[in-house]
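First the structure, in the form of structure tokens, and then the observations on it.
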Amino acid sequence: MGDALIGAIDQGTSSSRFLVFAAKNAELITFHQIPIHKKTPKEDWVEFDPEELLHTVVECMEKTMYHLQEMGYDPANVKSLGISNQRETTIVWDKYTGKPLYNAIVWCDNRTVSTVDALLAKVPGKDINCLKGYCGLPVAPYFSAVKLSWLLQNVPEVRKAVDEERCLFGTVDTWLLWNLTGGRNGGLHLTDVTNASRTALMNIETLEWDPYLLRFFGVPKSILPEIRSSSEIYGYITLSHRLKGVPISSMLGDQQAALLGQMCVKRGQAKCTYGTGCFLLCNSGNKPIFSDKGLITTIGYQLGKTKRPVYAIEGSVAVAGSSIRWLEKNMGIIKSEHEIESLAASVADSGGVYFVPAFSGLYAPHWRTDARGTICGLTHYSTSAHIARATLEAVCYQTRDVLLAINSDFGQEPTSLQVDGGMAANNLLLQIQADILGIPVVRPAMCETSALGAAMAAGLAEGINVWQLDLENSASLVTETFQPSILEEDRARRYNKWHEAIKRSLGWVPSIDTPVSKPDSGRQLLSSLPGSWYIVTSVALWMISTVAASQ
């Protein structure tokens with residue numbers, strides 16, 4: 001079998017994967033996937049072992065190539081590979097030993113709330129949008145610069161390595177590229193514009209590290225990677241037996257890769273990815289749009305070093321698929337994530353139950369770090385099925401919050417929404433989404449769009465030029481459509497209730513500089529408990545009431 005093939009690394013929050021696509025028709029040939037282990041050493045802290053990320057990627061590459069050869073394909077037909085990665089996750093390492101100086105701080109980690117407060121203390125009015133004109137982003141724990149600032153201030157090993165000029169910083173794309181192209185023996189210290197746009201250190205218009213932003217966050221330029229386009233030959237693989245010498249010719253943040261994989265290449269086209277979090281991006285063309293509705297401005301992609309960048313506006317939701325894992329691992333309501341659809345479908349609606357899964361605060365369009373998870377509307381009638389359905393509905397309500405903000409910024413409403421990601425396999429979720437939005441929801445037959453986008457960019461790179469599909473011909477995609485099935489009156493009533501639940505989730509974690517009145521002795525113990533106890537005790541009371549009602 002002699003047709004050109006393209007590989008794609010897809011390193012996400014829950015797993016590492018390597019996939020191989022046919023360049024002529026985007027067919028997924030084979031892949032291998034390995035779950036990765038999240039570390040939560042303290043409340044609100046989320047980390048990965050950077051070496052585990054690397055090792056699982058390399059193992060996936062080797063096993064996929066073995067499968068490919070077993071299927072009768074010639075490994076030499078893999079012409080290049082691309083990287084799609086979880087964004088914002090922050091890694092620092094020693095360039096001489098190649099060893100991490102600290103665990104990777106994950107994008108959803110919330111330890112830096114006090115760091116944000118300290119940064120905003122020097123800003124008039126403590127305006128979280130004070131840097132939007134530079135980087136397109138609010139000052140929030142989500143972005144890499146805040147995590148890097150925390151590392152520099154709180155981890156002596158990192159500060160010492162910086163002072164001794166042996167510290168390197170990168171997001172996951174940079175860490176993988178550096179290691180795959182030689183590591184301490186000449187590894188390439190590069191990133192692309194999409195990942196750099198998520199650090200809050202790159203100027204969103206010049207596409208260069210911005211001196212003002214570096215001063216604001218206290219980050220030395222010497223530790224930063226060089227910024228490149230999303231599609232060009234960066235270097236060649238050395239850390240792989242079966243892929244040694246193959247060029248790496250694309251890097252994109254996973255959500256931007258999905259935007260490309262969904263062929264959202266025209267201004268106004270949008271996609272929503274349901275994974276650990278939920279991310280809605282809309283192509284805004286060759287000029288940035290600065291939102292006043294809580295959205296962020298980001299780079300969608302840049303397909304070549306001489307090509308103009310394509311911008312996007314984005315609404316990021318911190319908790320989507322992770323709320324289902326919470327039902328399984330923390331609460332025991334389901335035995336596996338696959339059970340959520342049948343359990344939620346066993347009831348006609350949520351029975352008035354609303355779940356705001358603000359485990360690490362609320363992201364777009366609210367940007368409230370003081371929010372915490374809240375379940376409202378429990379009664380003797382409530383069951384685990386109602387909570388399961390409310391969990392799916394929460395993902396859909398948050399998506400509507402973001403889509404309404406995008407509509408306002410663009411001044412037009414979409415006629416449909418393209419979706420992908422692991423949760424998009426859930427038919428009930430997508431039907432609920434269509435009902436809550438009031439527009440059709442369109443799912444592609446092949447939902448691995450992040451990996452596909454990385455493969456497309458790799459195959460289109462100058463010097464590779466093997467990708468044969470027309471990017472603007474989305475009609476070639478095979479899709480399934482979910483149509484709205486409820487009345488507008490019902491839709492509005494349910495959405496209004498959702499916002500009542502949002503209000504009740506706010507104010508659980510005051511800022512370090514927020515005056516707090518002295519609690520009376522009866523409330524002091526309760527006020528010292530973390531906000532997540534509210535959910536646990538709410539569910540416990542529901543379980544007790546259910547048992548009592550059955551006796």
Problem set entry | Partner set under side chain to side chain donor-acceptor pair (under 3.5 Å) for His366, not counting sequence neighbours | Asp401
For this session: Check each of Asp10, Val57, Ile9 against Phe18 using the side-chain contact (heavy atoms from CB on, under 4.5 Å) test, and report the only one that passes.
Result: Ile9
Problem set entry | Residue pairs passing the side-chain hydrogen bond (donor to acceptor under 3.5 Å, both in side chains) test where at least one lies in residues 205-215, sequence neighbours excluded | Asn203-Asp210
Seminar exercise, completed: Here the pair of heavy atoms bringing Ala140 nearest to Val116 is C-CG2, 3.8 Å
Exercise. So Val419 and Thr399, side chain to side chain contact (heavy atoms under 4.5 Å, CB included) or not? Walk me through it.
Worked result: CA-CA 11 Å; Val419 300; Thr399 301; over 6 Å; no
For this session: Would you please say whether a donor-acceptor pair under 3.5 Å links the side chains of Ser144 and Arg198?
Result: no
Seminar exercise, completed: One should read off an interatomic distance between Glu393 CD and Gln433 CD, to the nearest 0.5 angstrom, of 11.0 Å
Exercise. Do Thr276 and Ser322 meet the criterion of a side-chain donor-acceptor pair at a distance under 3.5 Å?
Worked result: no
Exercise. Quick one: side chain to side chain contact (heavy atoms under 4.5 Å, CB included) partners of Ala390, sequence neighbours excluded?
Worked result: Ser350, Val353, Phe355
For this session: Look up atom OG1 in Thr298 and atom CG in Asn195, then write down how far apart they are to the nearest 0.5 Å.
Result: 9.0 Å
Exercise. Distance from Thr199 atom OG1 to Leu148 atom CG, nearest 0.5 Å?
Worked result: 9.0 Å
Problem set entry | Stepwise side chain to side chain contact (heavy atoms under 4.5 Å, CB included) test for Ser80 and Ile233 | CA-CA 9 Å; Ser80 72; Ile233 296 176; over 6 Å; no
Seminar exercise, completed: In short, Cys130 meets Val139 closest at the heavy-atom pair SG-CG2, 4.0 Å
For this session: Just jot down the side chain to side chain contact (heavy atoms under 4.5 Å, CB included) partners of Leu190, sequence neighbours excluded, or say none.
Result: Leu177, Leu188, Glu226, Arg228, Tyr234, Met251
Exercise. OH of Tyr354 to OG of Ser505: how many Å apart, nearest 0.5 Å?
Worked result: 14.5 Å
Exercise. With Ile128, which residues qualify under side chain to side chain contact (heavy atoms under 4.5 Å, CB included), at least two apart?
Worked result: Leu120, Pro138, Trp367
Exercise. Is His37 close to Thr56 at the side-chain level, that is, under 4.5 Å between some pair of heavy atoms?
Worked result: no
Exercise. Strictly by modelled atom types, are Ser230 and Gln256 linked by a side-chain donor-acceptor pair under 3.5 Å?
Worked result: no
For this session: Report yes or no: does Arg443 contribute a side-chain atom to a donor-acceptor pair with the main-chain N or O of Ala424 at less than 3.5 Å?
Result: yes
Problem set entry | Pair Glu500 + Lys503: basic N to acidic O under 4.0 Å | yes
Exercise. Heavy atoms, side chains only, cut-off 4.5 Å: are Val46 and Phe359 in contact?
Worked result: no
Exercise. Got a sec, which pairs hit salt bridge (charged side-chain N to carboxylate O under 4.0 Å, His left out) with one end in residues 137-163, sequence neighbours left out?
Worked result: Arg159-Asp163, Lys160-Glu164
Exercise. Does anything in residues 249-260 pair up under salt bridge (charged side-chain N to carboxylate O under 4.0 Å, His left out), and if so which pairs, sequence neighbours excluded?
Worked result: Arg87-Asp254
For this session: Would you confirm whether Ser360, through its side chain, and Asp109, through its main-chain N or O, come within 3.5 Å as a donor-acceptor pair?
Result: no
Exercise. So, the side chain of Lys122 versus the backbone of Phe216: is there a donor-acceptor pair under 3.5 Å, distance only?
Worked result: yes
Exercise. Does any non-hydrogen side-chain atom of Trp107 lie less than 4.5 Å from one of Thr13?
Worked result: yes
Exercise. Does a side-chain heavy-atom distance below 4.5 Å link Gln302 with Leu207?
Worked result: yes
Could you pull out all donor-acceptor pairs under 3.5 Å where a side-chain atom in residues 278-286 meets a protein atom, sequence neighbours excluded?
residue: Asn283; atom: OD1; partner: Gly285; partner atom: N; Å: 2.8
residue: Asn283; atom: ND2; partner: Cys264; partner atom: O; Å: 3.0
residue: Ser284; atom: OG; partner: Tyr311; partner atom: O; Å: 3.2
residue: Ser284; atom: OG; partner: Ala312; partner atom: N; Å: 3.4
residue: Asn286; atom: ND2; partner: Pro309; partner atom: O; Å: 3.0

Exercise. Can you list every salt bridge (charged side-chain N to carboxylate O under 4.0 Å, His left out) pair that touches residues 280-298, not counting sequence neighbours?
Worked result: none
For this session: Quick one: pull up CG in Asp173 and OG1 in Thr191 and give me the separation to the nearest 0.5 Å.
Result: 3.5 Å
Exercise. Between Leu81 and Ala8, which heavy-atom pair has the shortest distance, and what is it?
Worked result: CB-N, 4.5 Å
For this session: Could you tell me which non-hydrogen atom of Leu152 sits nearest to which non-hydrogen atom of Gly218, and how far apart they are?
Result: CD1-O, 3.4 Å
Exercise. With Trp93, which of Phe169, Tyr102, Trp175 fulfils ring-ring contact (aromatic ring centres under 6.0 Å, His included)?
Worked result: Trp175
For this session: Give a yes or no on whether the backbone of Ser229 and the side-chain of Ser231 come within a donor-acceptor separation of less than 3.5 Å.
Result: no
Exercise. Using 4.0 Å as the upper bound for N to carboxylate O, is an ion pair formed by Asp94 and Arg166?
Worked result: yes
Problem set entry | Lys/Arg N to Asp/Glu carboxylate O, Glu462 vs Lys307, below 4.0 Å | no
Problem set entry | Residue pair Thr115 / Gln153, side-chain donor-acceptor N/O under 3.5 Å | no
For this session: Using salt bridge (charged side-chain N to carboxylate O under 4.0 Å, His left out) as the criterion, list what pairs up with Arg325, not counting sequence neighbours.
Result: Glu337
Problem set entry | Side-chain H-bond candidate by donor/acceptor type, Ser291 with Asp409, under 3.5 Å | yes
Exercise. Is the backbone N or O of Val356 less than 3.5 Å from a side-chain atom of Thr374, with the two atoms forming a donor-acceptor pair by type?
Worked result: no
Exercise. How many angstroms lie between OH in Tyr397 and CD1 in Ile502, if you round to the nearest 0.5 Å?
Worked result: 11.5 Å
Exercise. Is the number of heavy atoms from other residues, nucleotides or ligands within 6.0 Å of NZ (Lys99) greater than 12?
Worked result: no
Exercise. When you measure from the side chain of Ser149 to the backbone N and O of Ala145, does any donor-acceptor pair fall under 3.5 Å?
Worked result: no
For this session: Check salt bridge (charged side-chain N to carboxylate O under 4.0 Å, His left out) between Lys305 and all other residues, then give those that pass, not counting sequence neighbours.
Result: Glu232
Exercise. Under the side chain to side chain donor-acceptor pair (under 3.5 Å) test, which residues partner Thr273, sequence neighbours left out?
Worked result: Gln255, Lys271, Asp420
Exercise. So, are Glu165 and Lys95 salt-bridged, with charged N and O less than 4.0 Å apart?
Worked result: no
Exercise. Closest approach of Thr449 and Gln262, non-hydrogen atoms and distance?
Worked result: CG2-CG, 4.0 Å
For this session: Return the minimal non-hydrogen interatomic distance between Ser249 and Ile464, and the atom names on each side.
Result: OG-CG1, 3.9 Å
